[in-house]
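Worksheet: the structure to be examined is printed underneath.
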Protein chains: 2
Amino acid sequence: MPYTYDYPHPAVSVDIAIFTIRNDELNVLLIKRAEAPFRGEWALPGGFVQMQESLGAAAERELLEETGVSGVYLEQLYTFGQPDRDPRERVITVAYYALIPSDQVELRAASDAEGVGWFSVERLPELAFDHPEILETAMDRLAAKVEYSTIALQLMPAAFTLTELQNLYEQVRREPIDKRNFRKKILALDVIEATGEERREGPHRPAKLYRVIDRSRVDVIK
Amino acid sequence: MPYTYDYPHPAVSVDIAIFTIRNDELNVLLIKRAEAPFRGEWALPGGFVQMQESLGAAAERELLEETGVSGVYLEQLYTFGQPDRDPRERVITVAYYALIPSDQVELRAASDAEGVGWFSVERLPELAFDHPEILETAMDRLAAKVEYSTIALQLMPAAFTLTELQNLYEQVRREPIDKRNFRKKILALDVIEATGEERREGPHRPAKLYRVIDRSRVDVIK
DNA sequence: GCAAAAGTGTTATCCCTACACCCATGA
DNA sequence: TCATGGGTGTAGGGATAACACTTTTGC
């Protein structure tokens with residue numbers, strides 16, 4: 001059942017950089033390619049856009065297929081279209097990135113013994129295609145948005161400590177932050193609130209737990 | 001000479017919002033559609049991506065065809081892909097926006113009596129397809145970047161007055177700026193310098209002229 | 001001389017940064 | 001009791017925002 005056109009058409013795919021926090025580190029989901037090209041190498045999850053679905057819907061579908069989650073933060077990143085980026089045919093890919101709260105990560109990734117896995121962004125394997133460039137673009141975007149919005153909260157679980165949150169900021173920004181200034185600033189935004197609970201772990205004072213007041217909101221700061 | 005594929009492929013186009021300053025107003029270039037659909041309506045210039053060219057190259061080509069200019073500021077904006085956005089077939093469009101210095105606007109637009117024209121963004125005609133959404137996205141991006149970068153200088157001619165520059169900022173931001181604070185801030189950035197010339201026009205004190213120190217640079221502020 | 005836009009400084013406020021010690025706990 | 005991370009306030013400096021009058025010109 002071939003499809004014919006009067007002039008050549010490229011294929012169009014979506015690829016997603018799916019981020020979460022695991023063990024206090026920013027992680028990204030990668031899948032191991034089962035087929036050529038780049039067979040056996042790691043790549044961002046993605047797939048071709050169906051003719052009846054929007055780009056955002058295609059990204060949501062891929063996200064659901066790989067992680068089982070939906071309703072999380074998902075944003076179009078950039079479109080990559082170098083003519084030779086896929087050796088098979090011309091493939092233009094619309095890249096997205098998603099942020100998953102770290103307690104919503106049960107996912108297929110854990111169950112599938114092989115073929116899919118979380119990687120710390122500090123210790124990435126070789127990536128197929130132009131996925132290194134896509135992932136770098138995603139991390140740059142994330143770092144930029146963390147500076148001027150409350151987007152980082154999209155990665156936090158239902159209850160978290162201020163130290164965990166600061167940890168995330170420091171990782172994305174790649175530089176240390178003063179603890180007192182950080183707490184003042186975050187609390188002044190009025191986007192998180194104390195749950196009243198504490199977390200006791202290890203030989204030190206228990207940490208107060210906080211929650212995001214409105215999960216669906218990403219505020220621009222200032 | 002048909003082109004056949006095993007599964008359906010969308011068409012991929014680029015559309016460009018080309019901005020410049022005319023008569024102290026932000027203008028955008030539109031072309032009148034000569035064919036269906038939306039025949040006779042105004043639209044952003046654009047065209048299909050050729051199989052051997054990158055997306056950026058396609059955008060540059062369209063820009064050159066419509067305005068005769070090249071080497072100006074050009075940035076990918078967003079990719080629009082609603083399945084029904086073009087009634088003929090599935091067309092995914094990668095939108096770009098370009099900023100042209102107001103003294104480089106001789107262009108085809110002026111010579112062609114019909115079919116192409118500059119429009120103030122304050123007085124836009126009805127637009128074809130989803131181009132209202134694309135143009136709005138472009139203006140939002142421009143407004144955002146003006147706040148935290150020196151991108152606005154990409155629209156200024158070889159010599160300009162501080163009042164003209166302030167005028168542009170006020171238009172994009174849609175609110176008035178204090179004259180003294182504006183001058184202090186811009187001059188402190190060290191991105192423009194006095195030419196030594198003045199412009200005398202009208203019954204008032206002549207205005208000092210300034211030029212951009214490095215045209216190729218767009219700085220992020222702070 | 002008058003109307004019109006160009007040009008020019010100072011002050012108060014707010015925000016950001018730097019910085020050090022006590023607290024509660026588990027072992 | 002000690003090692004570990006959790007929690008807290010203040011002061012100085014820099015940037016931002018508010019604000020009004022003089023200058024130069026064309027008519």
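Naming: A, B, ... by sequence-line order, numbering from 1 per chain.
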Strictly below 4.0 Å, heavy-atom distances to any atom of DNA chain D: list the hits from residues 172-193 of chain B, or just say none. B:Asp178, B:Arg180, B:Asn181, B:Lys184
Give a yes-or-no answer on whether the side chains of B:Thr20 and B:Ser102 include a donor-acceptor pair shorter than 3.5 Å. no
Distance-only side-chain donor-acceptor flag, B:Glu75 / B:Tyr97, under 3.5 Å: yes
With no hydrogens and no angle check, do the side chains of B:Thr163 and B:Arg183 hold a donor and an acceptor under 3.5 Å apart? yes
Charged N to carboxylate O under 4.0 angstrom, A:Glu147 versus A:Arg173? yes
Report the C-alpha distance between A:Arg174 and A:Glu122 in whole Å, list the side-chain angles of each, state the deciding distance to 0.1 Å, and finish with yes or no for salt bridge (Lys or Arg N to Asp or Glu O under 4.0 Å). CA-CA 11 Å; A:Arg174 296 179 182 282; A:Glu122 302 291 340; 3.5 Å; yes
Donor + acceptor pair across side chains of B:Thr93, B:Asp15 (<3.5 Å): yes
Selection: residues 159-171 of chain A, any non-hydrogen atom under 4.0 Å of DNA chain D: A:Thr163
Donor-acceptor side-chain pairing of B:Gln171 and B:Tyr169 below 3.5 angstrom: no
Choosing from D:dT8, D:dT16, C:dC16, which nucleotide comes nearest the side chain of A:Lys208? D:dT8
Stepwise, does the salt bridge (Lys or Arg N to Asp or Glu O under 4.0 Å) test hold for B:Glu193 with B:Arg211? CA-CA 6 Å; B:Glu193 63 189 2; B:Arg211 72 173 139 250; 2.9 Å; yes
Go through residues 194-206 of chain A and report each residue with a non-hydrogen atom lying under 4.0 Å from DNA chain C, sorted by number. A:Arg200, A:Gly202, A:Pro203, A:His204, A:Arg205, A:Pro206
Heavy atoms of other groups near B:Asn23 CG, more than 12 under 6.0 Å: no
Charged N-O contact under 4.0 Å between A:Glu164 and A:Arg199: yes
